[in-house]
Amino acid sequence: MRKIAVLTSGGDAPGMNAAVRAVVRTALNAGIEVYGVIRGYNGLIKDEMVPMTLRSVSNILQQGGTMLFTARSPEFMTLEGQQKAAENCRKRGIDGVVVCGGDGSFRGAQKLSQQGINCICIPCTIDNDIGCCEYTIGYDTATNTVVDLVDKLRDTCASHDRCSVVEVMGRHAGWLALGAGMAAGATSIIVPEVPYDFQKDIVDRMEYTKSLGKHHFIVMVAEGIGDVDELAKDIEKATGVETRATVLGHVQRGGRPSARDRILASQMGYYAAHLLMAGKTERVVAINNNTLMDYDIDEALAMKKPFKSKMFRMAEEINI
Ligand code: ADP
Ligand code: F6P
């Protein structure tokens, strides 16, 4: 292994920069040349890659987003695109690529490996929806961002004796809603993993907590559950409590990574570079029970992460 590349792909996540920095510096320290690929798989296809130095990753540890830019690349979904990407790697003498992204990006890495380029994946997504890995890079920062925003919403919500319905991201997963719902004291948390009943899980809970003296309410809803404006109207009608809906949107993906995400990204970047330098391919880096480990991509993609139902029930009991 003489030259490697690193790219960021799919939705950005705070901490991606810290992962890129760790990969670059670990490889350079071992005497390996490193290229930074611009805009994910598109950069491989268009041959947009820049040589990285120890200093080209200075001052990015604390920055959100990704200095390498990111993209979703329909062209890379085709065999032609994958062949072109591999050909460009070979032309530059690149033997391996570290891919920072979500499960879609891992599927892309599998395809690139099939074209003869070794690939190691680092889970970066605010959704925390990677089956083999307890915490993904970006999840902690996004959870903190949501909590901060909901704290602000609560100020106005409490002043007006209102209910706030808050829609958070997560694609098809409720991890962000669960973590932020627990930490922000949401009266109800609605996630795709747990079937919900409007009357029992929202209206009755609001009435119950109201009878205990509560006069403002946060209903945390994972995206994809339904129209939150409609839900707010239904809640107002059923409870008589004035209700507003807020969709937090892309603000959840931005911001400086938390210390936890910077540490996780640095560890995973270091680990991934070493896997690649050891000649490994088609592996996904993961952390479980505070221990770094790696899985075969196929195995990783097939794994289902059990939802933290105990934590969900705990939040229900405490947030009254
Ligand atoms: P994420 O990595 O955040 O899950 P996407 O699902 O959008 O994001 O995937 C990112 C990119 O990975 C896609 O735009 C595409 O270029 C590549 N990719 C995803 N799935 C495949 C696949 N089955 N084959 C080849 N490339 C893929
Ligand atoms: O996967 C990260 C994520 O932010 C999801 O939570 C959300 O569903 C999606 O990406 C939004 O994608 P886009 O940036 O393309 O709107």
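In each ligand, atom 1 is the first atom listed, and ligand 1 is the first ligand listed.
Within a 6.0 Å radius of NZ in K280, other residues, nucleotides and ligands contribute 12 heavy atoms or fewer.
Between W175 and F307, the angle of the ring planes lies from 30° to 60°, which puts this pair in the tilted group. Ring orientation note: the planes of Y135 and Y139 are close to parallel, at an angle under 30° on the 30°/60° scale.
The distance from ligand 2 to the heavy atoms of E223 drops below 4.0 Å at these ligand atoms: 5 (C), 6 (O), 7 (C), 8 (O).
Here the options are T66, N59, L61, the test is side-chain contact (heavy atoms from CB on, under 4.5 Å), and the partner is N17; only T66 passes.
In this structure, H250 counts as a contact residue of ligand 2, since one of its heavy atoms falls inside 4.0 Å of the ligand.
Listed by chain and number, S9, G10, G11, Y41, R72, S73, F76, M77, Q82, G102, D103, G104, S105, R107, G108, K111 each place a non-hydrogen atom less than 4.0 angstrom from ligand 1.
Under the 4.5 Å side-chain heavy-atom criterion for ILVMFWY residues, a single connected hydrophobic cluster contains both M49 and I117.
Remark: the S258 side chain and the N144 side chain contain no N/O donor-acceptor pair separated by less than 3.5 Å.
Ion pair E236/R162 not flagged as a salt bridge, since none of the NZ, NE, NH1 or NH2 atoms sits closer than 4.0 Å to an Asp/Glu carboxylate oxygen. Here E87 does not pair with R90 in a salt bridge; the nearest charged N to carboxylate O distance is not below 4.0 Å.
The N/O atoms of G170, backbone and side chain alike, include one that comes under 3.5 Å of an N/O atom in ligand 2.
Looking only at protein heavy atoms, the nearest one to atom 4 (O) of ligand 2 is R253 NH1, 2.8 Å. The protein heavy atom nearest to atom 15 (O) of ligand 2 is R72 NH1, 2.7 Å. Nearest to atom 6 (O) of ligand 2 among the protein's heavy atoms is D127 OD1, 2.7 Å.
Contacts of L149 classified as side-chain contact (heavy atoms from CB on, under 4.5 Å), with partners at least two apart in sequence or in another chain: T145, L248, V251.
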